[in-house]
Amino acid sequence: MDLLLKDKVFIVTGGAKGIGEAIVAELAREGAIPVIVGRSEEAGSLLEGKLKDAGHSCLNIITELYDPESSEQVISQTLEKLGAIHGIVNNAGVNDGAGLENGDPELFRKSVLSNLMHYYDMVHYALPELKKTKGAIINISSKTAITGQGGTSGYAASKGAQLALTREWAVELAQYGIRVNAIVPAEVMTPQYERWINSFDDSERSLNEIISRIPLEKRMTSSEEIAAMAVFMLSERSSHTTGQWLVVDGGYVHFDRAYNK
Ligand code: NAP
């Protein structure tokens with residue numbers, strides 16, 4: 001299937017590592033022009049170099065997404081250099097453990113600021129362009145929005161709000177032909193996940209326990225499997241799908257608890 005993405009411009013926040021990196025790489029393979037947005041200069045330059053060496057086009061923007069100005073600058077730099085925006089993948093986020101018992105109001109606010117606000121800011125500043133291109137928006141949320149995790153109020157609140165905004169924006173933007181969907185991952189081995197699992201005393205045992213509970217094939221979801229869904233949802237091939245929460249997790253969240261094969 002030709003996804004018809006050639007030369008289209010897609011902004012991917014947190015695009016230099018993990019799930020974002022896989023989305024950027026898949027977009028490049030499809031002939032699109034990914035805009036890598038992230039705060040790690042080293043990771044951004046490394047990926048930009050790899051893509052350019054393989055003959056792909058991309059733009060690399062280094063910024064910490066926190067204040068509205070950083071998102072505004074991402075949009076203006078993209079337009080200055082590439083002239084159009086066909087879609088946004090809001091993906092940057094950190095499960096930072098700002099909890100109820102283990103946190104405080106200041107940590108909670110900081111967590112919501114760094115996990116949620118730039119999802120809104122990015123779309124707000126890109127909207128005039130997205131209207132012109134009938135662009136697509138993907139919000140990468142998390143299973144914690146549905147299941148909770150414990151000890152991570154700021155992150156869970158942000159991820160839940162991203163699902164609500166997905167539906168809210170899908171309604172508001174349908175009149176412009178702009179589609180808005182969310183992808184909900186659960187267990188994906190990325191640099192962030194690796195840091196988290198290594199924080200356990202017996203990380204190997206903890207990982208094996210998690211994997212044993214994933215119904216489909218008793219394995220983690222790969223970043224590439226999330227990316228394949230994201231790239232399809234960005235493409236015109238998913239032209240009548242909007243407002244959806246796509247749970248790409250091997251059945252982890254929704255299978256009957258009695259399932260034990
Ligand atoms: P990752 O390995 O940490 O990669 C994310 C990238 O985004 C990193 O380069 C990170 O920079 C960057 N980033 C994070 N916050 C940023 C900010 N405020 N401004 C600029 N750059 C920022 O994470 P991942 O596991 O791929 O997660 C990607 C998304 O998937 C997140 O929204 C996460 O909530 C969601 N998710 C992941 C899983 C999973 O199992 N991995 C499960 C559910 C949901 P640094 O390297 O400097 O931190």
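As the structure lists them, so they are numbered: ligands from 1, and atoms in each ligand from 1.
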Near ligand 1, which residues have a heavy atom under 4.0 Å away from one of its atoms?
-> Gly14, Lys17, Gly18, Ile19, Gly38, Arg39, Thr63, Glu64, Leu65, Asn91, Ala92, Gly93, Val94, Ser114, Tyr119, Ile140, Ser141, Ser142, Tyr155, Lys159, Pro185, Ala186, Glu187, Val188, Thr190, Pro191, Gln192, Tyr193
Extract all donor-acceptor atom pairs below 3.5 Å that involve side chains of residues 202-210 and protein atoms in other chains or at least two apart in sequence.
from	atom 1	to	atom 2	distance (Å)
Asp202	OD1	Arg205	N	3.3
Ser206	OG	Asp202	O	3.0
Asn208	ND2	Glu204	O	3.3

With sequence neighbours left out, what residues match Tyr176 under ring-ring contact (aromatic ring centres under 6.0 Å, His included)?
-> none
Does some side-chain heavy atom of Pro185 sit less than 4.5 Å from a side-chain heavy atom of Val248?
-> no
Atom of Pro215, atom of Arg213 and distance for their closest heavy-atom approach = CD-O, 3.2 Å
Work out which heavy atom in Val231 is nearest to a heavy atom in Ile23; give both atom names and the distance.
-> CG2-O, 4.2 Å
Donor-acceptor pairs are to be reported for all side-chain atoms of residues 254-261 against protein atoms at under 3.5 Å, with residues two or more places apart or in another chain.
from	atom 1	to	atom 2	distance (Å)
Asp256	OD1	Ala258	N	2.8
Arg257	NH1	Phe255	O	3.3

